[in-house]
Each structure stands twice: as structure tokens, then as C-alpha cells.
2 protein chains.
Amino acid sequence: MECKENNFANIHKKEMRAVQDSMDVLNGKWKIAVISSICYYENRRFSDILKDVGGISNRMLSKELKELEINKLVKRTVIGTQPVIVQYTLTDHGLTLRTIINSLTEWGVAHRKKIIDK
Amino acid sequence: MECKENNFANIHKKEMRAVQDSMDVLNGKWKIAVISSICYYENRRFSDILKDVGGISNRMLSKELKELEINKLVKRTVIGTQPVIVQYTLTDHGLTLRTIINSLTEWGVAHRKKIIDK
DNA sequence: CAGTATCCAAAGGGATACTG
DNA sequence: CAGTATCCCTTTGGATACTG
């Protein structure tokens with residue numbers, strides 16, 4: 001009995017840690033929006049995302065993109081024209097977030113119906 | 001052609017808004033962890049959650065629970081014994097978050113394998 | 001175009017002590 | 001037990017100006 005309870009507690013702890021790992025990556029006011037922007041269009045430039053994610057500043061976009069790059073969710077490609085063009089793409093690993101994005105999209109709609117609208 | 005592009009852009013905007021609505025509810029350093037704690041155990045007391053979510057302070061737990069209540073994800077029940085006992089449960093609406101929690105759990109595990117460990 | 005640098009205000013959140 | 005209240009440091013992020 002004690003063993004069973006401990007197992008449950010341990011599994012629970014691991015699940016909590018896993019969820020937290022995800023949230024650490026996805027936190028920040030704009031992260032999900034930035035991912036969505038790139039995700040749907042597949043190949044986006046800095047200025048495209050800037051326009052797409054309403055309200056974000058270039059300073060913030062730069063920061064968020066860097067963090068996403070560090071976490072290997074986004075790939076940055078410089079095209080050395082003049083002036084410079086930079087392309088952002090989701091990596092394969094980044095694309096695995098689509099399930100979560102879709103869940104969040106559906107839930108967001110349902111939640112708005114339930115709470116925000118009425 | 002223009003019409004098609006506009007439709008796509010509009011749908012995209014709506015999806016981005018929906019995702020943002022979700023994140024507004026789930027943001028905050030501890031929100032998901034608190035939900036997970038209640039979700040897995042179904043019926044939890046304030047002090048249980050406090051122990052379960054490692055590192056959270058009572059001040060923060062109190063705040064997060066209030067916000068979750070406002071968003072109708074959590075139900076608070078006072079049992080008028082002495083000293084007082086308070087039970088927290090997920091509402092039906094709160095339980096619909098399970099899909100997301102599960103996605104986040106799975107992704108968190110995969111992400112840790114890919115990045116955090118090596 | 002794609003960022004950086006700087007400044008600054010506001011929000012977030014920890015530690016501690018207190019209450020019905 | 002289940003919170004509140006207070007203090008105070010840290011992080012976040014907006015505005016603006018500048019650069020290769």
C-alpha cells in the first residue's frame with residue numbers, strides 16, 4: 001500500500017516537472033504568439049512577425065526569438081543581401097509543438113465562449 | 001486570390017487570439033503546477049497544494065487560486081470545522097484542461113530528452 | 001532590414017509576520 | 001488551517017534612439 005502510494009506520488013512529481021519544463025520554454029508574454037506566427041506561415045521574416053504579433057516591440061521580438069533558438073525550436077537563416085534578410089523557420093522539434101498550439105487554440109475558443117464573452 | 005489570402009489572414013488572427021486567451025489564463029509562474037496538483041488528486045486542501053508545488057509561497061498560492069477561481073477553473077469549498085478546512089476541486093471547465101496538461105507533460109519529457117539532458 | 005543599447009516604470013514574487 | 005499584510009528586491013517589458 002505504501003509502495004503503491006509512493007509510486008503514484010513519484011509519477012505525479014515527474015509529471016509536474018515535465019509540465020514545468022514545457023512552461024519554462026513557453027513562458028514570456030509573446031512566445032506562443034511568435035511560434036504561431038512562424039508555424040502557420042512556415043517561413044517568416046523579422047519584420048513579418050513584428051507586424052503579425054500585434055503589440056510586440058522589436059526589442060522583445062529579438063529576445064523571444066533568441067530564447068526560442070537556444071531551445072532549438074526556431075532556426076534562423078541569414079540571407080546576405082543588402083539590406084540583410086533573415087528568415088525564421090520552426091525546426092522539427094519546434095513543429096512538435098503543433099499539438100499543444102492546437103489544443104490551446106481550441107481551449108481558448110471554448111474558454112472565451114464560457115468566460116470572456118458570455 | 002486576395003480574398004483567399006484575407007481569409008487565411010483572418011483565420012490566423014483568430015487562432016492567435018484564441019491561443020493568447022488560453023495563455024492569459026495559464027500564465028503565472030505556478031498556475032499550471034497548481035492545476036496539475038489539484039487535477040491528479042481531485043480534491044486537495046490548501047496545505048496539500050502548498051507542499052505539492054515545491055517552492056511556492058502561501059502568498060502566491062493564494063493569488064493563483066483566486067485567479068483560477070475567477071476563471072471558473074477551480075471550485076473552493078469551505079468546511080466550517082475548527083480550524084477551518086478548505087477543499088479545492090477542478091470544475092468541469094477546469095477538467096477540460098486535461099488535454100493540454102497531458103500534451104504539455106508529453107512534450108516536456110521529449111524536450112528534456114532533447115535539450116536539458118542530452 | 002534586422003537588430004542593439006539605454007533608460008525607466010510597472011508588475012512579479014520572495015521573506016516574514018500576523019489573524020480569524 | 002487558511003489565508004492577509006507589509007516590505008522590498010528582481011524581472012519584465014515599453015519607449016526611444018542608434019547601428020551594420
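- The shortest distance between the side-chain N/O atoms of B/Y88 and the OP1/OP2 oxygens of D/dG3 is below 4.0 Å.
- For C/dG3, the OP1/OP2 oxygens have a side-chain nitrogen or oxygen of A/R76 closer than 4.0 Å.
- A/F8 and A/V19 fall within a single hydrophobic cluster, where Ile, Leu, Val, Met, Phe, Trp and Tyr are joined by side-chain heavy atoms under 4.5 Å apart, directly or via other members.
- Listed by chain and residue number, nothing satisfies the ring-ring contact (aromatic ring centres under 6.0 Å, His included) test with B/F46 (two or more places apart in sequence, or in another chain).
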Paired and unpaired positions of DNA chain D as dot-bracket, Watson-Crick or G-U wobble under 3.5 Å, | denoting a partner strand: ||||||||||||||||||||
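- In terms of the salt bridge (Lys or Arg N to Asp or Glu O under 4.0 Å) criterion, residue partners of B/K13 (sequence neighbours excluded) are, by chain and number, A/D52.
- Within the structure, no pair that satisfies the ring-ring contact (aromatic ring centres under 6.0 Å, His included) test touches residues 48-67 of chain A, not counting sequence neighbours.
- Spacing between atom CD of A/Q87 and atom C1' of C/dC1 amounts to 12 Å, rounded to whole angstrom units.
- Nucleotide C/dG3 holds its C1' atom 10 Å from the CG atom of A/L61, rounded to whole Å.
- Other cluster members for A/I79: A/I85, joined by side-chain heavy-atom distances under 4.5 Å among Ile, Leu, Val, Met, Phe, Trp and Tyr.
- Legend: residues meeting side-chain contact (heavy atoms from CB on, under 4.5 Å) with A/T89, ordered by chain and number and at least two apart, are A/N43.
- Phosphate contact (OP1/OP2 of C/dT4, side-chain N/O of A/S62, threshold under 4.0 Å): present.
- Within residues 65-75 of chain B, no residue has a heavy atom under 4.0 Å from DNA chain C.
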Per-nucleotide protein contact string for nucleotides 6-20 of chain D, where B marks a base within reach and S marks sugar-phosphate only (heavy atoms under 4.0 Å, - for neither): B------BBB-B---
Ignoring hydrogens and angles, write down the donor-acceptor pairs under 3.5 Å from the side chains of residues 26-36 of chain B, residues two or more places apart or on other chains.
residue	atom	partner	partner atom	Å
B/N27	ND2	B/M23	O	3.4
B/K31	NZ	B/N27	O	3.3
B/K31	NZ	B/E64	OE1	2.8
B/K31	NZ	B/E67	OE1	2.6
B/S36	OG	B/I32	O	2.9

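- At whole-Å resolution of the value, CZ in B/F46 and P in D/dA2 are 8 Å apart.
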Could you list the donor-acceptor pairs under 3.5 angstrom formed by side chains in residues 92-104 of chain A, with sequence neighbours left out?
residue	atom	partner	partner atom	Å
A/T96	OG1	A/H93	O	2.5
A/T96	OG1	B/W107	NE1	2.9
A/R98	NH2	A/C39	O	3.2
A/N102	ND2	A/R98	O	3.3
A/S103	OG	A/T99	O	3.0

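- Between A/Y88 and A/Y41, the ring centre distance reaches or exceeds 6.0 Å.
- Under the ring-ring contact (aromatic ring centres under 6.0 Å, His included) criterion, no residue pair touches residues 50-86 of chain A, with sequence neighbours excluded.
- Pairs passing the salt bridge (Lys or Arg N to Asp or Glu O under 4.0 Å) check and including a residue from residues 68-77 of chain A, sequence neighbours excluded, do not occur.
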